[in-house]
Amino acid sequence: MDENVTTIHITEVLSSSLIMDLMDEYPNLSEITCSPSVYDRTSKKYIDALNQLDIEVKKKYNWGAKSRTNGEEKIVLDLAKKGYTAREISEKLNIKLNRVYYLLRKNKDNVKFDDYKRKYDYSDVKSLKDEGLTAKEISENLDIPLRTVYYILNKK
């Protein structure tokens with residue numbers, strides 16, 4: 001019997017026997033918290049009966065593993081703001097690339113990387129077009145697929 005406890009968290013649906021056990025074990029009980037799924041499966045009659053006994057049943061959302069960033073988040077953010085790519089940050093701090101993206105996604109500043117490198121130089125294609133060459137000639141001169149040339153020229 002623990003007389004000092006006034007709030008407990010349960011992980012199973014309330015039943016008459018569980019309520020009796022809780023009241024015996026915690027005589028000063030004033031609040032029971034549970035997950036939304038447990039709350040939804042608990043009979044409304046039990047919740048009303050507990051309210052009449054001045055014991056409030058509430059949904060509580062703050063479970064699960066707690067954050068274990070150990071300051072990584074701030075370091076990753078600082079490096080990203082200095083212009084490091086996600087891959088460089090990953091290698092420098094010896095952490096996984098997905099972890100870098102995760103830590104930045106949690107961040108409110110939304111630092112974004114431009115890791116995408118163009119395979120072909122768009123300015124070369126456009127300058128050849130300005131010189132009057134056809135898409136097929138540009139494709140042959142730069143050894144680029146014709147379809148890619150059309151894509152670059154039609155991109156706004």
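Heads up: numbering here begins at 1 and tracks the sequence. Keep in mind that what you see is a predicted model, and the values were worked out from it rather than measured.
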Test side chain to side chain contact (heavy atoms under 4.5 Å, CB included) on Val38 and Thr11 and set out the steps. CA-CA 7 Å; Val38 170; Thr11 57; 5.6 Å; no

From CA spacing to verdict: side chain to side chain contact (heavy atoms under 4.5 Å, CB included), Arg87, Leu97: CA-CA 6 Å; Arg87 186 168 304 284; Leu97 185 60; 3.9 Å; yes

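- Side-chain atoms of Thr42 never come within 3.5 Å of backbone atoms of Ile47 as a donor-acceptor pair (strictly under, hydrogens ignored).
- In this structure, Lys58 and Ile32 have side chains that are not in contact, with every pair of non-hydrogen atoms separated by 4.5 Å or more.
- One distance of note links CG of Leu53 with CG of Asp48; it measures 11.0 Å at 0.5 Å rounding.
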Candidate pair Leu50 and Glu56, rule side chain to side chain contact (heavy atoms under 4.5 Å, CB included), full reasoning: CA-CA 7 Å; Leu50 287 168; Glu56 191 174 1; over 6 Å; no

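- Interatomic distance, His9 NE2 to Glu31 CD, rounded to the nearest 0.5 Å: 11.5 Å.
- Considering only residues two or more places apart in sequence or on other chains, Asp143 meets the salt bridge (charged side-chain N to carboxylate O under 4.0 Å, His left out) condition with none of them.
- Legend: residues meeting side-chain contact (heavy atoms from CB on, under 4.5 Å) with Ser139, ordered by chain and number and at least two apart, are Leu146, Val149.
- With rounding to the nearest 0.5 Å, the separation of CD1 in Ile152 from CZ in Arg147 is 12.5 Å.
- The two residues Val13 and Arg41 have their closest heavy-atom pair at CG1-O, 3.5 Å.
- If you chain together hydrophobic residues whose side chains sit under 4.5 Å apart, Ile138 and Tyr150 never meet in one group.
- Between the OH atom in Tyr151 and the CD1 atom in Ile144 there is a gap of 13.5 Å [rounded to 0.5 Å].
- Here the NZ atom belonging to Lys81 is positioned 10.0 Å from the CG atom belonging to Leu104, to the nearest 0.5 angstrom.
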When you look at Asp40 and Lys59, which way does the side chain to side chain contact (heavy atoms under 4.5 Å, CB included) test go after all the steps? CA-CA 9 Å; Asp40 292 340; Lys59 295 179 189 179; 3.8 Å; yes

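- Qualifying side-chain contact (heavy atoms from CB on, under 4.5 Å) partners for Glu140, counting only residues two or more places apart in sequence or in other chains: Lys136.
- Considering only residues two or more places apart in sequence or on other chains, Asp78 meets the salt bridge (charged side-chain N to carboxylate O under 4.0 Å, His left out) condition with Lys74.
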Show me, pair by pair, the donor-acceptor contacts under 3.5 angstrom made by side chains of residues 124-134, not counting sequence neighbours?
{"from": "Ser127", "atom 1": "OG", "to": "Ser123", "atom 2": "O", "distance (Å)": "3.2"}
{"from": "Ser127", "atom 1": "OG", "to": "Asp124", "atom 2": "O", "distance (Å)": "2.9"}
{"from": "Thr134", "atom 1": "OG1", "to": "Glu137", "atom 2": "N", "distance (Å)": "3.2"}
{"from": "Thr134", "atom 1": "OG1", "to": "Glu137", "atom 2": "OE1", "distance (Å)": "3.4"}

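- One finds the CG atom of Asn51 at 15.0 Å from the OH atom of Tyr46 (value rounded to the nearest 0.5 Å).
- Side-chain contact check for Leu22 versus Ile10: some heavy-atom pair is nearer than 4.5 Å.
- Under the side-chain contact (heavy atoms from CB on, under 4.5 Å) criterion, Ser30 pairs with Thr6, sequence neighbours left out.
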